[in-house]
Amino acid sequence: MVVVPALGAAAVSVGGLLFKASTASKAAATAGVAAVGASKLGLAIASAIKLTTAVVGVGKLTILPFLIAAIAYYNYDLFDPENRPFNVPQVELAYDFIIIGGGSAGTVLASRLSEIPHWKVLLLEAGGQETEISDVPLLSLYLHKSKMDWKYRTQPQPTACQAMKDKRCCWTRGKVIGGSSVLNTMLYIRGNRRDFDQWASFGNPGWSYEEILPYFRKSEDQRNPYLARNKRYHGTGGLWTVQDAPYNTPIGPAFLQAGEEMGYDIVDVNGAQQTGFGFYQFNMRRGSRSSTAKSFLRPARLRPNLHVALFSHVTKVLTDPHTKRATGVQFIRDGRLQNVYATREVVLAAGAIGSPHLMMLSGIGHGDELTRVGIPVVQHLPGVGQNLQDHIAVGGIAFTIDYPISIVMKRMVNINTALRYAITEDGPLTSSIGLEAVAFINTKYANSSDDWPDMNFMMTSASVMSDGGSQVKTAHGLTDEFYQEVFSEVNNRDVFGIFPMMLRPKSRGYIKLASKNPLRYPLLYHNYLTHPDDVNVLREGVKSAIAVGETQAMKRFGARFWSKPVPNCKHLTMFTDDYWNCFIRQYTMTIYHMSGTAKMGPPSDPWAVVDPQLRVYGVPGLRVIDASIMPTITNGNIHAPVVMIAEKGADLIKQLWLTPTTKPTDQQWRSKRSLPLAGNETLADAVRQWPLPSS
């Protein structure tokens, strides 16, 4: 018999009935679990231990094996008809479209392009499948530094991340089907209408707010009936679920009351007005993560014209030496270097690091940079890898409180909450690392009449010390010395945190090649806080965040700002501008919104990499469709805008190839492609014999 102790108020399902078991009824809870198949649960636990070790290592959270076992036992995924996408054992010689990167954009593209039944689509992804642990919202930080993470680190620079190991920021990127949508905090923030109107003003027709708004609605399945009533701003019935958090602490509503005290409205941040306070909207479904792989790819998994190849590391985009047309992709799979060819287009959706890296490896980039590492120049495009933008916040702004109501990991993660999550799909494990409320406010440097705020607060019922200095510290890359000096005294204490995030940075970073070896990571230069305006805005954001903790709404909990002086700034007088200017350069947090490294722009822009149809200048048959193409970063978390870009990008491809022309029909393409190649003729030679739509 498997004995499952009930801690607090465990929930046990027996024969379809839900029982609540208190500490006094341990025997009943144990008997209930045993009654529904102890041997099955035991096998599940054994398998779960192996899975936990493989995904997050040994000794992270002792509850993880039981949690996975409970999820497997109650079978919400095993009996799902839309299960994981098939991993094709063998890639064919040629496809109509090849999509590089199965992340947030790539999965959307694969789903939408494969809607055309006579188009063959290949999706190449370097990582593997999602796991049960990646589904659990509270545990997202345990995926950082795991096998699902590319584990990028920036080059050391003196302007930021001084509290991190080697003074290098950790840039987590998803190496898994679904990409960073499997590792992120699932926040659904579209940005500000002025972001997109600005894109259009740069010479990008079709990208104004009114033109892209339908693509946000197309994806969305808004589950909040109050918000869903507003048909102008919200959609229902889309593939991507958007809902409120299933679990909130009393701190969440208090944040909104604090906002009202400060004179702000309570708003739908994805509606008509962005400035104000509101509850977060999440990409969650039934208490679990709703990644883009789940939402877009699983419903398409049975389409015969869609092939998904996992563990396929792309090394190069193949181009025709005469026309520069993109003809295919070179990739490593199962230890073999392979080629696959595209008869229509190659689409880069590898993200703001992967896409420019692959372009440079393929000879597309600044000519001098390519020559430096010995790569022949195919197309001189100096903007590749430039214009790197990211949202940064200041970590460690925490307030201790007097009541046991916050997210403390050792209190919240136990067998009871695991059962509650697996059975009733709610409880503390459905909390996205404590993120409850969001605010968009104006510092003194913003024009408050514009409704284009320059500061974002991520307000949480937890902080860096809420797990006792284990995984949060590791995920953010903090040194042991910094953590011990600043936070060790409040380990596992009840706190809430506010992370002030600067919305429109003026600093720009860049990406360079380390070598022509495609398996060697590029050199990443963040250049955070190199522009003085960024320092001023972020400093004022810190002051405003501390002011939130001084409101009566937060003082009810006994809120006290944890003001331990940080190393490197002790020589400065506390709470002065000089101190805060130093403070923000220590625990500088990336919010993982890298973007802009293959910017969209008109032909007159010398730094533009793609045109408004997202086609790479000078390389026909190649598009970039991901966060790389953003001319400027959007006002908020960029995940929803990336999905919008993919939705619009898919339509741009369809508009080109489905518009009636005198070009070959699909049947002619297929008959030509099915013929054996003559002599030394390559597929690229055969493809060149057919005229293609101009790009």
Side-chain angles (χ1 to χ4, degrees), residues 93-94 98-101 124 126 312-333 336-388 510-525 597-599 601 603 605-611 614-626 628-629 677 680-689 692 694-695:
L93 177 64
I98 301 173
I99 302 166
I100 302 171
L124 295 170
S312 301
H313 189 121
V314 175
T315 59
K316 185 179 183 180
V317 175
L318 303 173
T319 53
D320 184 286
H322 306 293
T323 65
K324 300 184 181 180
R325 171 170 287 279
T327 57
V329 170
Q330 188 177 84
F331 65 100
I332 298 172
R333 194 184 195 206
R336 295 189 301 115
L337 191 64
Q338 306 175 48
N339 289 350
V340 60
Y341 297 94
T343 59
R344 294 180 188 266
E345 293 190 30
V346 174
V347 182
L348 270 169
I353 298 175
S355 288
H357 186 212
L358 278 170
M359 279 194 279
M360 289 188 280
L361 290 171
S362 307
I364 304 165
H366 196 294
D368 293 343
E369 172 70 6
L370 301 176
T371 302
R372 177 182 64 83
V373 295
I375 294 177
V377 178
V378 172
Q379 178 67 25
H380 173 66
L381 280 178
V384 175
Q386 301 297 310
N387 192 48
L388 173 61
Y510 60 94
I511 297 174
K512 292 177 62 175
L513 287 175
S515 77
K516 64 180 180 180
N517 180 352
L519 300 182
R520 188 171 176 187
Y521 282 3
L523 304 176
L524 309 174
Y525 295 88
T597 49
K599 68 176 285 192
D605 183 348
W607 297 101
V609 176
V610 300
D611 67 12
L614 309 184
R615 300 172 296 193
V616 176
Y617 282 112
V619 187
L622 180 63
R623 295 193 202 230
V624 180
I625 304 179
D626 58 27
S628 306
I629 67 95
L677 301 176
N680 295 324
E681 183 185 36
T682 66
L683 187 73
D685 295 327
V687 168
R688 272 203 308 275
Q689 297 179 34
L692 297 171
S694 60
S695 25

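- Rounded to the nearest 0.5 Å, atoms CG (D611) and CD1 (I629) are 10.5 Å apart.
- In this view, N339 and L318, Q330, Y341 satisfy the side chain to side chain contact (heavy atoms under 4.5 Å, CB included) rule, not counting sequence neighbours.
- In this structure, the separation between CG on L524 and CG on L388 is 8.0 Å, given to the nearest 0.5 Å.
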Side-chain donor-acceptor pairs under 3.5 Å in residues 511-521, sequence neighbours left out?
residue: S515; atom: OG; partner: N517; partner atom: N; Å: 3.0
residue: N517; atom: OD1; partner: L519; partner atom: N; Å: 2.9
residue: Y521; atom: OH; partner: W150; partner atom: O; Å: 2.6

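- Relative ring orientation between Y525 and Y510 is described as parallel, the plane-to-plane angle staying below 30° on a 0-90° scale split at 30° and 60°.
- Every residue two or more places apart in sequence or in another chain was checked for a side chain to side chain donor-acceptor pair (under 3.5 Å) with Q386, and none qualifies.
- Side-chain contact check for P522 versus I353: some heavy-atom pair is nearer than 4.5 Å.
- Sorted by first and then second residue, the side-chain hydrogen bond (donor to acceptor under 3.5 Å, both in side chains) pairs with a member in residues 345-354 read E345-R623, E345-W657; sequence neighbours excluded.
- Here the closest non-hydrogen pair linking A349 and I99 is CB-CG2, 4.2 Å.
- Proximity of a side-chain donor or acceptor of K324 to a complementary backbone N or O of V378 within less than 3.5 Å is detected.
- Here the CD-OG1 distance, from Q338 to T315, works out to 10.5 Å after rounding to the nearest 0.5 Å.
- At a threshold of 4.5 Å between non-hydrogen side-chain atoms, the residues P356 and S628 count as touching.
- Among all heavy-atom pairs drawn from L622 and A326, the shortest one is CB-CB, 3.8 Å.
- Scanning all heavy atoms of the two residues, the minimum distance from A352 to T597 falls at O-OG1, 2.7 Å.
- With sequence neighbours excluded, the residues satisfying side chain to side chain donor-acceptor pair (under 3.5 Å) with S312 are R333.
- Judged as a salt bridge (Lys or Arg N to Asp or Glu O under 4.0 Å), not a single pair has a partner in residues 350-361 (not counting sequence neighbours).
- A distance of 6.5 Å separates NE2 in H313 from CD1 in I332, rounded to the nearest 0.5 Å.
- In terms of heavy-atom proximity, A598 sits nearest to V624 at CB-CG1, 4.5 Å.
- With M359 as reference, V384 is the one residue of V619, V384, L381 to meet the side chain to side chain contact (heavy atoms under 4.5 Å, CB included) rule.
- Evaluation of the ring pair (Phe, Tyr, Trp, His ring centres under 6.0 Å) rule for Y617 yields no partner, not counting sequence neighbours.
- Screening residues 351-364 for side-chain hydrogen bond (donor to acceptor under 3.5 Å, both in side chains), with sequence neighbours left out, gives S355-D626.
- Rounding to the nearest 0.5 angstrom, the gap separating the CD1 atom in I100 from the CG atom in L124 is 7.0 Å.
- Taking the side chain to side chain donor-acceptor pair (under 3.5 Å) definition, one finds that R372 meets it with E369, sequence neighbours left out.
- With sequence neighbours excluded, no residue forms a side chain to side chain donor-acceptor pair (under 3.5 Å) with T371.
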